[in-house]
**Q** 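This is the structure, below, for whatever I ask next.
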Amino acid sequence: CLLRAGADVTVCNTRGKTALHYAKEQGRAKCVRALEEHGAAEVAAEKAAKEAAWAAGAAEREAQRAAEEKEAARHAEELLAEVEAEKRAKGKKGKKKKKGGGGGAGPSQEPEDEAALATGEEAELAAALEESARLEEGRRAAEAQGPSSAAEAPAPREEEPPDDFLCPITTEIMSDPVMAADGHAYERTAIERWLATKSTSPLTGGELEHPYLTPNHMLRRQIRDWEGARKAV
């Protein structure tokens, strides 16, 4: 009757007993069997509900994990694409800078070991500039000091070449001066080695508009005339 009425047979009274307890005490086998079957059905239903909830949660977690993996893969592909694009952009920029000049004046071949050549050229330039500064400082100091005594005859010294006759890279008298895009004259072989790995001015450090070199015939004649006059003396 309790089951047909929809009563909760698991509820305990003030003594802590349920309907099943009373049925067993009174020896009502049918009621006991019915109550036990009802309890087992409720336990099974509760278990099935829990399993269904767990399965739904597992499916949701699996779907979330798959979405996260898909998003991570998409981010990885985007990052790889950005890296490849950056490499291609750097490669194009490097090729543009390394491109030789026309007319046989610019460099015609790329160095086999660009890194080593660049390091060697920078070291050579630094040493040349340092030596040039040292010589210039010594020359100015000697001019400022003058003769140490009126009675002492000045020692003859070799005439120094004009600064325009010296290559800024080698600090030596030029034999084949050429003009670069920065408006300065350089020894052809020295500036060609420089442009083999760089596209900047050796003096100003600014970017050169082009790598082409122009022979400076007037400066070469002046250098030859000065050398001829010095040999004659």
Side-chain angles (χ1 to χ4, degrees), residues 88-147 154-233:
R88 288 194 296 269
K90 289 183 178 179
K92 291 180 180 179
K93 185 177 180 181
K95 290 181 179 179
K96 184 177 179 181
K97 288 185 176 181
K98 295 174 187 175
K99 187 177 180 182
S108 58
Q109 294 182 351
E110 293 184 358
E112 294 181 358
D113 191 346
E114 179 182 349
L117 181 57
T119 302
E121 290 292 341
E122 290 177 358
E124 180 181 350
L125 176 61
L129 293 177
E130 183 179 355
E131 179 66 15
S132 177
R134 186 184 65 80
L135 293 175
E136 181 66 19
E137 183 178 357
R139 183 165 59 247
R140 291 179 180 178
E143 292 177 355
Q145 183 178 1
R157 62 177 183 178
E158 186 177 358
E159 181 183 358
E160 295 290 342
D163 293 339
D164 294 341
F165 293 178
L166 302 178
C167 174
I169 298 177
T170 63
T171 67
E172 297 179 353
I173 299 176
M174 293 179 284
S175 61
D176 187 9
V178 293
M179 296 296 294
D182 59 358
H184 297 283
Y186 302 91
E187 179 64 31
R188 178 184 293 276
T189 56
I191 189 63
E192 285 183 348
R193 287 198 307 269
W194 175 272
L195 293 177
T197 58
K198 302 175 183 65
S199 60
T200 56
S201 168
L203 282 178
T204 66
E207 193 76 15
L208 295 175
E209 295 181 357
H210 57 78
Y212 306 127
L213 305 174
T214 305
N216 192 331
H217 300 293
M218 181 179 295
L219 180 58
R220 179 160 50 185
R221 285 196 299 269
Q222 293 175 352
I223 293 174
R224 289 180 178 177
D225 292 344
W226 177 82
E227 290 179 336
R230 187 181 61 172
K231 292 179 180 179
V233 173

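In this chain, residues are counted from 1 in sequence order.
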**Q** Which atoms form the tightest heavy-atom contact between A181 and E209, and what is the distance?
**A** CB-N, 4.1 Å
**Q** Any heavy-atom pair between the side chains of P161 and E227 that's under 4.5 Å?
**A** no
**Q** Looking only at atom types and distance, does a side-chain atom of W194 sit under 3.5 Å from a main-chain N or O of S201, one as donor and one as acceptor?
**A** no
**Q** NE2/H184 to CG/N216 distance, rounded to the nearest 0.5 angstrom?
**A** 13.0 Å
**Q** I'd like to check the side-chain hydrogen bond (donor to acceptor under 3.5 Å, both in side chains) partners of R230; sequence neighbours left out, ordered by chain and number.
**A**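 For R230, the residues satisfying side-chain hydrogen bond (donor to acceptor under 3.5 Å, both in side chains) (neighbours in sequence not counted) are E158.
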**Q** Within the structure provided, determine whether D182 and P202 are in side-chain contact (heavy-atom separation under 4.5 Å).
**A** yes
**Q** Within the side chain of E187, is there an N or O that forms a donor-acceptor pair under 3.5 Å with the backbone of S175?
**A** yes
**Q** Could you pull out the closest heavy-atom pair between P168 and A185, with the gap in Å?
**A** CD-O, 3.2 Å
**Q** Roughly how far, to the nearest 0.5 Å, is CD1 of I173 from CD of E160?
**A** 9.0 Å
**Q** Between atom CE of M218 and atom CD of Q222, what is the distance when rounded to the nearest 0.5 Å?
**A** 6.5 Å
**Q** Mind checking the CZ-CZ spacing from R220 to F165? Nearest 0.5 Å is all I need.
**A**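 That separation rounds to 13.5 Å.
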**Q** Looking at CG of D176 and CD1 of I191, how far apart are the two atoms once the value is rounded to the nearest 0.5 Å?
**A**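 Between atom CG of D176 and atom CD1 of I191 there are 12.5 Å.
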**Q** If you round to the nearest 0.5 Å, how far is CD1 of I169 from CE of M174?
**A**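 Spacing of CE (M174) from CD1 (I169) equals 10.5 Å.
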**Q** I would like to know whether Y186 and L213 meet side chain to side chain contact (heavy atoms under 4.5 Å, CB included); could you show each step before the answer?
**A** CA-CA 9 Å; Y186 302 91; L213 305 174; over 6 Å; no
**Q** How close do L195 and P211 get, heavy atom to heavy atom, and via which atoms?
**A** CD1-O, 3.5 Å
**Q** Is any side-chain heavy atom of L135 closer than 4.5 Å to one of T171?
**A**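 No. Closest side-chain heavy atoms not under 4.5 Å.
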